[in-house]
Novice: 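Submitted below is the structure of interest, expressed as structure tokens.
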Amino acid sequence: MLPPNRKQLGLIKAGLFLLALIPLARLLWLGMHDDLGANPIEFIERSTGTWALVILLVTLSFTPLRLLTGTAWPVQLRRMAGLFMFSYACLHITTYIWLDHWFDWQEIAKDIIKHPYVLVGFAAFVLSVPLALTSSNAMIKRLRQRWKTLHRLVYLVAIFAVLHFWWLVKKDITEPMLYALVLAALLAIRLVFTLRKRKGQMV
Amino acid sequence: KKITGFTKTAYGADEKLTPYDDVTTYNNYYEFGTSKSDPAEHSKLFKPTPWSVAIEGEVKNPRTVNLEDILKIAPLEERIYRMRCVEGWSMVIPWVGLPLAQLIKWAEPTANAKFVEFVTLDDSLRMPGARVPILDWPYTEGLRMDEAMNPLTILAVGLYGEVLPNQNGAPLRLVVPWKYGFKGAKAIVKIRFRETMPQTTWVKAGPREYGFYANVNPTVDHPRWTQASERRIGGSVFSPRIKTQMFNGYAEQVAHLYSGMDLRKNF
């Protein structure tokens with residue numbers, strides 16, 4: 001299959017943009033119709049958090065896709081995906097700070113320090129801030145090799161995000177385990193190819 | 001579906017009730033699934049009749065009693081209670097039930113009876129969640145004898161003046177309003193009087209997180225959730241959290257049960 005031309009890529013990007021807005025549109029729709037269930041704040045928190053995680057895994061899947069199939073062009077969608085991940089993470093933490101805790105900073109600080117699942121979630125968010133801030137072409141040019149090193153933080157963000165979900169669950173870990181397996185697979189593919197490349201260089 | 005002939009009481013008369021739809025669609029009842037909406041969806045075909053409860057252990061006459069006969073032990077009362085879940089949310093529910101103390105007097109426990117154990121239905125044919133070994137089935141709870149005899153403790157058979165919905169623990173469940181919600185065993189099939197403290201399900205599942213007493217206590221934090229505040233179900237997205245009260249606001253009636261006990265250790 002031929003890679004898309006400029007115009008086609010533009011259309012694909014526009015389509016993906018609209019697709020990524022669906023979870024937000026759904027929340028607004030349900031909210032307007034008073035249909036967010038018995039615990040609407042928890043619903044919004046869970047939904048934005050889940051979508052941030054899903055989009056993060058999508059972001060991390062472009063490189064394995066290239067390694068496995070040789071299809072390189074989807075990597076061009078990665079920045080947009082990453083920024084959508086960050087947007088949903090922002091909505092997630094805004095819900096937590098505003099709707100859930102009403103800017104009670106003392107309570108929030110206590111919650112972060114005392115509860116491991118909140119701490120790793122918070123760490124994942126903090127680590128993703130520099131990635132979002134350095135996502136422009138200008139920053140990529142300016143930072144060069146350091147940009148690549150900096151953006152390896154995304155692996156830590158992903159591991160923390162999965163842990164955040166895992167530790168939050170009371171007993172039934174089926175759902176976080178699925179995300180953990182997908183993440184493990186995505187990281188394993190990278191690792192295998194990196195090791196192979198190194199071996200190749202040594203020979 | 002309506003229950004006839006129960007008396008209203010003064011309990012919680014000044015509380016704003018959590019809407020019926022919220023009380024019956026947001027439930028923790030793992031025998032029917034682990035998400036909050038599972039119990040309402042997966043218990044639709046569950047038939048809680050006929051029903052009998054085995055009274056065993058340290059009693060004069062161990063026996064099995066039909067639900068209809070339990071209802072004759074004492075007149076039914078409406079009790080409006082706050083219910084605080086260990087996960088940090090709460091509701092106000094108008095239960096209909098009978099004081100557990102009345103059933104205990106009727107059961108005539110021996111002098112050896114120091115604890116009451118509640119064993120609930122474990123039927124994987126009728127309860128899809130019970131096919132999954134998420135918890136050590138059957139779900140088991142327990143109370144110390146004086147807790148069980150406290151006038152606040154009831155066996156509920158209804159809510160909002162109606163027969164208890166399946167997802168809320170039909171046909172018979174425990175309600176102990178000063179303790180976290182998981183103490184409220186649902187679909188009780190055995191009431192066993194014991195000399196020793198029973199091993200309860202959540203203590204077995206996570207002894208660091210859940211204790212036998214499980215009294216609502218804003219000063220003892222759970223490793224996962226803050227217990228200082230709670231979200232009252234039924235509000236809008238802009239309703240703030242409310243402060244959690246010691247013993248869920250029932251300190252006057254129950255604090256004496258724990259005098260001299262370290263509630264940090266006995267959580």
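First the proteins, then the strands, lettered A, B, ... as listed; each starts at 1.
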Novice: Taking the six-membered ring for Trp and the full ring for Phe, Tyr or His, determine whether the centres of A:F86 and A:F125 are under 6.0 Å apart.
Specialist: yes
Novice: Between A:E175, A:K110, A:H101, which has the largest tally of heavy atom pairs under 4.5 Å with chain B?
Specialist: A:H101
Novice: Counting only heavy atoms closer than 4.5 Å, note whether B:S239 contacts chain A via side chain, backbone, both or neither.
Specialist: backbone
Novice: Let me know if B:R231 has heavy atoms under 4.5 Å from chain A in its side chain, its backbone, both or neither.
Specialist: side chain
Novice: Is it the side chain or the backbone of B:E209 that comes within 4.5 Å of chain A heavy atoms, both, or neither?
Specialist: neither
Novice: At a 4.5 Å cut-off on heavy atoms, which part of B:N27 comes close to chain A: side chain, backbone, both, or neither?
Specialist: neither
Novice: With a 4.5 angstrom heavy-atom cut-off, could you sort out which part of A:W98 is near chain B: side chain, backbone, both or neither?
Specialist: side chain
Novice: Is B:P240 in contact with chain A via its backbone, its side chain, both, or neither, using a 4.5 Å heavy-atom distance?
Specialist: both
Novice: To the nearest 0.5 Å, tell me how far A:L178 CG sits from A:L183 CG.
Specialist: 12.5 Å
Novice: Is it true that B:Y30 and B:W202 have ring centroids separated by less than 6.0 Å?
Specialist: yes
Novice: Given a strict heavy-atom distance threshold of 4.5 Å, which part of A:D104 is in contact with chain B: side chain, backbone, both, or neither?
Specialist: neither
Novice: Chain B heavy atoms under 4.5 Å from A:I44: which part of the residue, side chain, backbone, both or neither?
Specialist: side chain
Novice: What do the steps show when you test B:F247 against B:Y258 for ring pair (Phe, Tyr, Trp, His ring centres under 6.0 Å), and what is the final call?
Specialist: CA-CA 11 Å; B:F247 295 116; B:Y258 311 100; 5.4 Å; yes
Novice: Measure distances from B:V23 to the heavy atoms of chain A and classify the residue's part below 4.5 Å as side chain, backbone, both or neither.
Specialist: neither
Novice: Side chains of B:Y81 and B:W95, heavy atoms from C-beta outward: is any pair under 4.5 Å?
Specialist: yes
Novice: Parallel, tilted or perpendicular: which fits the ring planes of B:H222 and B:Y210, with parallel below 30° and perpendicular above 60°?
Specialist: tilted
Novice: Which one of B:G206, B:G234, B:A205, B:S37 has the most heavy-atom pairs closer than 4.5 Å to chain A?
Specialist: B:A205
Novice: When you measure from the centre of the six-membered ring of A:F193, is the NZ or CZ of A:R196 closer than 6.0 Å and no more than 45° off the axis?
Specialist: yes
Novice: Do the ring planes of B:Y180 and B:F182 sit parallel (below 30°), tilted (30 to 60°) or perpendicular (above 60°)?
Specialist: parallel
Novice: Which residue out of A:V118, A:I41, A:L36 racks up the most heavy-atom pairs below 4.5 Å with chain B?
Specialist: A:I41
